[in-house]
Amino acid sequence: MNILSGMEQKIKERIQQAAHTAMGEGKISFETLPSFVLEKPREKAHGDYAVNLAMALTKQARMNPRAIAEALIESFDRSGTYVADMTIAGPGFINMSLDPAWHDQVIPEILAADKDYGRTDAGKGKKIQLEFVSANPTGIPHMGNARGAALGDTIATLLDAAGYAVEREYYVNDAGNQIEKFGDSLQARYFQALGQNVAFPEDGYHGEDITDTVAGYIEKHGDELLGLNEEERKEILVHYALNEKLGVIRGELERFGVKYDNWFYESTLYESGSVMKTLDQLRERGFIYEKDGATWLAATKYGEEKDEVMIRQNGTPTYFAADIAYHLNKFERGFETLINVWGADHHGHVGRMKNAMSALGKNPDSLEVVLMQLVRLFSGGEIVRMSKRTGNYIALGELMDEVGVDAARYFFVMRSADSHLDFDLDLAKSENSENPVFYVQYAHARIASILRQQEGERISANLGLLINPAEIQLIEKLAELPGMIAHAAESREPHRLCAYAHELASLFHSFYGKCRVLNIEPELSAARLELLRATKITLSNVLGMIGVTAPERM
RNA sequence: GCGUUUGUAGCUCAGUGGAUAGAGCGCUAGCCUCCGGAGCUAGAUGUCGCAGGUUCGACUCCUGUCAAGCGCACCA
């Protein structure tokens, strides 16, 4: 257990104890202890912690909150808590100040844990699956996919650090309608490339990448497909193109720092009969009926506004049918929690899918969807539309070429998923101090530089010498990491990592301006060097979780 | 029309029901004989969209309303 988290937990327990003790002594009365918070007050003058239990108890105890606070303080057992002083403030806060002796434990804890500092076992090894990006393999990843990749990967990293057993999965939509269209498009480009004047399907994939793919195929295999029938020709072209596209997608995502544990192919759901089996399960539960030659899901039976088609008149299952089977399959693989990262344009799908899981007897709360708002691209002050159909979009690869992986990942993770993101390409292209990632990386490089210059052997340090306010603020921020990670993981809010990294870097830069490290009294220098080592480890760990490098030099 | 996300400083955005609402950029004024100035210090800037409600206490929760984004297919 981390020093800070352990201390906070103990104080909360003692507060609860104090309430029960005070009731036992007849000082206050209540039926059930209301929930309360132990928080760090914004104002340093209010101490290290504030507890609001006295105010939360006013109704049940029918007493002035300050009188309740007094009773709680009297009954509070301070032994082993580092609590040095307790005062009543404002409407009834109990403010606590701590014995600074706890600071001495922070740096040794970090140095001992090193790359593992920040990790906790809060998740108790629970199996969680994160599915993200899952871009159609008919194109290459765009900006929306990039945001999903950065967010999904960082949430997975957070959950891993918080002690969950995480699996990253990519759902490959290699079946269904869009693959048909894909085949039609490829075939048209194939004919065109070989000089035949054929019309291109209106709802086909107009992207130039399709033309390139076909050109590549012809280079290798010539015009040998002309003699085949349409079905065989399209199947060969689709197979070739999907392989190529998935290779590109996988490569670009890996370059972006994202590696998947599993690539799940939609087509396997059809081959294994899962789609039909899932429909059978729904039918047994009375949610399936036939109408107009199609098979319907009676979603209105469980409160939806309308029923959904599962199998079309032409006999092919809908995407929704396959997706229900896919999610059921995830549960069958033993995951207790499923998290999907979806673009806001799919938000209508969230309730439908949860209700469908519910209809199949699964707990809908075990399926979570992190909805991210769409990315709007700006260039020269104008919106750049991204559309696979017009082929006019900025690809992930292009983004990485222009702004670099570090800046791109930090930029996407920095903002909460539900903020509507305007991505200014001109701003992102300019590599200057406007980009906050440099600020954090600079702090790391600066520490590395000092540690490089440090001469002589590392002597054991007296950490009690670190009493400058700048040093104390830095130490206290360092101590927050494990709790921050656990909280960010629980709330699926990776942007907290960026906020923390920036705060930590800021405290370091401030410390640097106030406290010299080298060429001062050896004992103090040794203590500050330990502080720098701990800060460097912490910065490096946080940046690593975001997917950003922690450079030794810049 | 129904659903959903957003609305906080000039701009981009943080903000566990708590005390005097924050950061970056930009702006103003300082700081390099000294460990990396991609930095530091200080300052100015607010009807937390609007109106009600809940409560000891609301930027935060609820209702309504206005504005913007995104959905509401036998597309995925």
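Note that these values count all heavy atoms, side chains included, but never hydrogens, waters or copies made by symmetry. Here the structure is a predicted model, which means the values were calculated and not measured.
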Taking only residues two or more places apart in sequence, or in another chain, which ones meet His509(A) in a ring-ring contact (aromatic ring centres under 6.0 Å, His included)?
Tyr439(A), Tyr442(A)

Distance-only donor-acceptor test, His347(A) side-chain atoms vs G3(B) base atoms, 3.5 Å
yes

Under a 3.5 Å cutoff on both atom distances, Watson-Crick or G-U, what's the dot-bracket for RNA chain B ([ ] crossing, | other strand)?
(((((((..((((....[...)))).(((((.......))))).....(((((..]....))))))))))))....

Spacing of the P atoms in A14(B) and A23(B) (rounded, Å)
16 Å

Could you check which residues of residues 475-486 of chain A get a heavy atom under 4.0 Å from RNA chain B? Sort them by number, please.
none

If we take the P atom in both G15(B) and G22(B), what is their distance in whole Å?
15 Å

When you check the glycosidic angle of C32(B), does it come out syn, meaning within 90° of 0, or anti?
syn

Classify the ring geometry of Tyr319(A) against Tyr171(A): parallel below 30°, tilted from 30° to 60°, perpendicular beyond 60°.
tilted

Dump the pairs, protein N or O against N or O of nucleotides 10-13 of chain B, anything under 3.5 Å, distances to one decimal.
from, atom 1, to, atom 2, distance (Å)
U12(B), O2', Arg415(A), NH2, 2.3
C13(B), OP1, His420(A), O, 3.1

N/O donor-acceptor pair, side chain Asp345(A) with base G71(B), under 3.5 angstrom:
no

Donor-acceptor pair under 3.5 Å: do we get one between Asn52(A)'s side chain and the base of A19(B)?
no

Sequence neighbours excluded, the answer for salt bridge (charged side-chain N to carboxylate O under 4.0 Å, His left out) partners of Glu180(A) is none

Of G37(B), U6(B), A14(B), the nucleotide closest to the side chain of His495(A) is A14(B)

A76(B) and G71(B): how far apart are their C1' atoms, nearest whole angstrom?
13 Å

Ring centroids only, cut at 6.0 angstrom: are His444(A) and Phe508(A) within range, meaning strictly under it?
no

Taking RNA chain B as the partner, which of residues 302-329 of chain A come within under 4.0 angstrom of it by heavy atom?
Glu305(A), Lys306(A), Val309(A), Arg312(A), Gln313(A), Tyr319(A)

